[in-house]
Q: 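Please read through the structure below; I'll follow up with questions.
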Protein chains: 2
Amino acid sequence: MTNDRSLRAMPRRTRQREAVAELLTRHPDFISAQRIHALLASSGAQVGLATVYRSLAQMVADGLLDTIVSDSGEVLYRQCSSAHHHHLVCRSCGTTVEVHDTQVEQWAESVARAHDFADVQHRVEVVGLCQACAS
Amino acid sequence: MTNDRSLRAMPRRTRQREAVAELLTRHPDFISAQRIHALLASSGAQVGLATVYRSLAQMVADGLLDTIVSDSGEVLYRQCSSAHHHHLVCRSCGTTVEVHDTQVEQWAESVARAHDFADVQHRVEVVGLCQACAS
DNA sequence: CTTTGTGCAAAGGCTTTGCATGCTT
DNA sequence: AAGCATGCAAAGCCTTTGCACAAAG
């Protein structure tokens, strides 16, 4: 074998994977597999739903994507190169505000440290009613 | 009609609902509907799965339960009388540490206020590797 | 007696998987 | 040529819903 075992095989370059990756690059926010599939279909790219799921699974395994689970149970994907931030979501109209804030990050760190946890990730969702919907 | 429309009808008292409520009272942490159903079954109480789901939906609507969605997409329920806290979870062995901390609460409040959001809830998960699993 | 709750089974939505075929390397 | 990737359809989970029957008030 001519490989270095420390490096995993790279996924093959296919039209479908490129399409999924490209869409995720263009799309800055969390999006579901179903929606990705629909968007690709409506923009002419023929990609099977199963392939979308498999591509996403790959990218998640490779650490290229962040995932969260929506309230309805759908998994949402986002390219994780984008700066880490959290969302403030209106539960009525769906308006989303990005929150960049180091406080939570520090909090998560300190909690982890206090309990000797390593390699921590955190996930924060704040849901409420925006001014417009509160009235 | 003899009712005051401001009060919603109270759910009827049935063996099944009591069983579900009682189990949730005994169980201090988040638990899935499926698991509730299984536990009830194995402890002799005959409660249909659909009934478990409907009972839970009721209690959620009545504000008696908190819910979160697990990574696998299952909805987890918890009696919300218990003090609000967050979990620090080991992604390897599943060990869970309850974190009582006012910092995050305050952070969520301030973020909400800064964006004129009302009636906010928040959900925080910190996942990492505990000391034992990190070695 | 009227209304609400229950059970069962079927249906729904998201995701995964088996298998034959096609494409990348 | 060899092996991973794709597509399709079937199957798997969790959850919801339709309908007839049972129970609560």
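Numbered from 1 within each chain, the chains take letters A, B, ... in sequence-line order. Values in this document were obtained by computation on a predicted structure and should not be read as measured data.
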Q: More than 12 heavy atoms of other residues, nucleotides or ligands under 6.0 Å from CD of A:Glu18: is that the case?
A: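 Buried by this count: over 12 neighbours within 6.0 Å.
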Q: How close do A:Leu88 and B:Ala112 get, counting heavy atoms only, and between which atoms?
A: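 Looking at all heavy atoms of both residues, the closest pair is CD2-CA, 4.4 Å.
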Q: Apply side-chain contact (heavy atoms from CB on, under 4.5 Å) to residues B:Val97 and A:Val111 and explain how you reach the verdict.
A: CA-CA 10 Å; B:Val97 181; A:Val111 166; over 6 Å; no
Q: What's touching nucleotides 20-22 of chain C from the protein side, N or O pairs under 3.5 Å?
A:
none

Q: State whether B:Arg17 places a side-chain N or O below 4.0 Å from either non-bridging phosphate oxygen (OP1 or OP2) of C:dT6.
A: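 Yes.
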Q: For A:Gln58 and C:dT16, what is the distance between atoms CD and P respectively, to the nearest whole Å?
A: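 Interatomic distance, CD of A:Gln58 to P of C:dT16: 13 Å.
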Q: Using a 4.0 Å cut-off to any heavy atom of chain A, which nucleotides of DNA chain D are the first and last in contact, reading 5' to 3'?
A: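 Nucleotide range with atoms under 4.0 Å of chain A: D:dG3 to D:dC8.
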Q: Just report the end-to-end axis angle for the helix from C:dC1-D:dG25 to C:dT25-D:dA1, five pairs per end, to 10 degrees.
A: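 It comes to 30° between the two terminal axes.
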Q: A side-chain contact here means heavy atoms from C-beta on lying under 4.5 Å apart; do A:Trp107 and B:Gln106 qualify?
A: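 When only atoms from C-beta onward are counted, B:Gln106 and A:Trp107 do not touch, as no gap falls below 4.5 Å.
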Q: On DNA chain D, does the nearest nucleotide to B:Arg13 precede the nearest nucleotide to B:Glu74 from the 5' side, or the other way round? Give the residue.
A: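 Mapping each residue to its closest nucleotide by heavy atoms, the 5'-most match is B:Glu74.
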Q: Please output the side-chain donor-acceptor pairs of residues 38-50 of chain A that fall under 3.5 Å, not counting sequence neighbours, one pair per line with the distance.
A:
residue	atom	partner	partner atom	Å
A:Ser42	OG	A:Ala38	O	3.4
A:Ser42	OG	A:Leu39	O	3.0
A:Ser43	OG	A:Leu39	O	3.1
A:Ser43	OG	A:Leu40	O	3.1

Q: Starting from B:Phe30, can I reach B:Val69 by hopping between I/L/V/M/F/W/Y residues whose side chains sit under 4.5 Å apart?
A: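 Not linked; separate clusters.
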Q: Would you indicate what B:Arg54 reaches in the nucleic acid, counting non-hydrogen atoms under 4.0 angstrom: base, sugar-phosphate, or nothing?
A: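 Counting heavy atoms under 4.0 Å across all strands, the contact made by B:Arg54 includes a base.
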Q: Between B:Arg15 and A:Gln16, which is nearer to the 5' end of DNA chain D once each is assigned its nearest nucleotide?
A: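 With A:Gln16 and B:Arg15 compared, the 5'-side residue is A:Gln16.
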Q: Hey, does B:Gln34 reach any base, or is it just sugar-phosphate, or nothing, if we go heavy atoms under 4.0 Å?
A: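 Counting heavy atoms under 4.0 Å across all strands, the contact made by B:Gln34 includes a base.
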Q: Identify, residue by residue, the members of residues 39-48 of chain A with a heavy atom below 4.0 Å from DNA chain D, and return them in order of residue number, or none.
A: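 Per residue number, the list reads A:Gln46, A:Val47, A:Gly48.
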Q: Can you name the residues that form a salt bridge (charged side-chain N to carboxylate O under 4.0 Å, His left out) with B:Arg15, not counting sequence neighbours?
A: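 With sequence neighbours excluded, B:Arg15 shows a salt bridge (charged side-chain N to carboxylate O under 4.0 Å, His left out) to no residue whatsoever.
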Q: Is there a side-chain contact between B:Thr14 and the phosphate of C:dT6, meaning an N or O under 4.0 Å from OP1 or OP2?
A: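 It does, given that an N or O in the side chain of B:Thr14 lies less than 4.0 Å from OP1 or OP2 of C:dT6.
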